[in-house]
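What follows is a short report on a single structure.
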Amino acid sequence: MALTKADMAEKLFEELGLNKREAKELVEMFFEEIRGALENGRQVKLSGFGNFNLRDKGERPGRNPKTGEEIPITARRVVTFHPGQKLKARVEAYAGTQEQ
Amino acid sequence: MTKSELIDILSQHQKHLTYKDVEFAMKTMIEQMAQTLASGDRIEIRGFGSFSLHYRPPRLGRNPKTGDSVPLSGKYVPHFKPGKELRDRVNSSIGKVEIREA
């Protein structure tokens with residue numbers, strides 16, 4: 001089962017004794033602050049986890065896969081995630097018996 | 001933005017929580033996320049994105065000093081796919097704000 005915001009709030013409720021509403025708010029705010037920083041052009045570094053970086057990509061030629069018609073892909077700004085050494089090492093140790 | 005700045009901001013918003021509480025909450029959230037990936041599970045946060053593992057098959061690497069080839073075993077690496085809200089909000093800032101270091 002995938003980890004969701006509800007699971008994260010539940011953990012804060014259990015481990016910090018926050019009430020459920022506070023826990024839910026804190027989890028929501030955590031992700032919202034990261035989104036807000038990125039939206040303002042600010043890259044985000046979470047030590048022990050990884051960095052969220054921004055990249056501007058120029059316009060490039062594209063194609064409508066259905067019709068084959070040529071349409072330019074407009075310039076855009078994208079988020080990229082770079083896992084930190086610690087996270088990479090922990091994930092690498094996972095033997096991976098089940099397929100994702 | 002760094003983890004400590006994020007703790008500052010969250011504790012300003014949550015006046016009833018101390019800095020220490022927010023620091024512990026943040027540590028708990030990040031650890032839970034890392035632990036989820038380390039045990040091979042996905043993370044799905046609507047409007048933010050999903051984290052999953054991608055498999056990298058075994059390959060022959062090289063020792064850059066000696067040039068000897070070294071067999072490298074297959075491994076998993078974390079992968080992030082931004083969600084629609086994050087994608088749209090970030091994309092709408094192109095040309096309006098400069099990209100700044102964390």
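None of these values were measured; they are calculated from a predicted model. A, B, ... follow the sequence lines: proteins, then strands. Residue 1 opens every chain.
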Measure the [atom1]-[atom2] distance between [X] and [Y] for me, rounded to the nearest 0.5 Å.
| X | Y | atom1 | atom2 | value |
| --- | --- | --- | --- | --- |
| L37(B) | R90(A) | CG | CZ | 9.0 Å |
| D7(A) | Q32(B) | CG | CD | 6.5 Å |
| K20(B) | L16(A) | NZ | CG | 13.0 Å |
| R55(A) | I94(B) | CZ | CD1 | 11.5 Å |
| F31(A) | M29(B) | CZ | CE | 7.5 Å |
| K96(B) | R77(A) | NZ | CZ | 10.0 Å |

Q | chain B contact via V44(A) - which portion, at a heavy-atom distance below 4.5 Å | A |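 Contact with chain B involves both backbone and side-chain atoms of V44(A).
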**Q.** Any N40(A) side-chain heavy atom under 4.5 Å of R100(B) side chain
**A.**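 Yes, at least one pair of side-chain atoms sits under 4.5 Å.
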Q) Do D41(B) and L3(A) touch side chain to side chain, with heavy atoms closer than 4.5 Å? A)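 With C-beta onward as the side chain, the pair stays apart.
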Chain B contacts, top residue of [options] (heavy-atom pairs, under 4.5 Å):
| options | value |
| --- | --- |
| I34(A), V78(A), V27(A) | I34(A) |
| A23(A), S47(A), G48(A) | S47(A) |
| N51(A), L18(A), L38(A) | L38(A) |

(Q) Evaluate E101(B) against Q43(A) for side chain to side chain contact (heavy atoms under 4.5 Å, CB included), listing each step before the verdict. (A) CA-CA 6 Å; E101(B) 283 303 301; Q43(A) 311 194 85; 3.6 Å; yes
Q.
Taking atom NZ as the centre, does K75(B) end up with more than 12 heavy-atom neighbours from other residues, nucleotides or ligands that are less than 6.0 angstrom away?
A.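 Result for NZ/K75(B): open.
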**Q.** Residue-level interface, residues 4-18 of chain B with chain A, non-hydrogen cut-off under 4.5 Å
**A.**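 Listed by number: E5(B), L6(B), I9(B), L10(B), H13(B), Q14(B), H16(B), L17(B).
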Q | Under the salt bridge (charged side-chain N to carboxylate O under 4.0 Å, His left out) test, residues paired with E33(A) that sit two or more places apart | A |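 Not a single residue meets the salt bridge (charged side-chain N to carboxylate O under 4.0 Å, His left out) criterion with E33(A).
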Q) Can E15(A) and K27(B) be said to form a salt bridge (Lys or Arg N to Asp or Glu O under 4.0 Å), step by step? A) CA-CA 11 Å; E15(A) 299 214 350; K27(B) 218 177 134 194; over 6 Å; no
(Q) Using heavy-atom distances under 4.5 Å, tell me whether P82(B) contacts chain A through its side chain, its backbone, both, or neither. (A)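 P82(B) touches chain A through side-chain heavy atoms alone.
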Q: Check the pair F80(B) / V79(A) against side chain to side chain contact (heavy atoms under 4.5 Å, CB included), numbers first and verdict last.
A: CA-CA 9 Å; F80(B) 176 63; V79(A) 182; 4.3 Å; yes
Q: Give a yes or no on whether a salt bridge exists between R56(B) and E92(A), defined as a side-chain N under 4.0 angstrom from a carboxylate O.
A: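 No, no charged N to carboxylate O under 4.0 Å.
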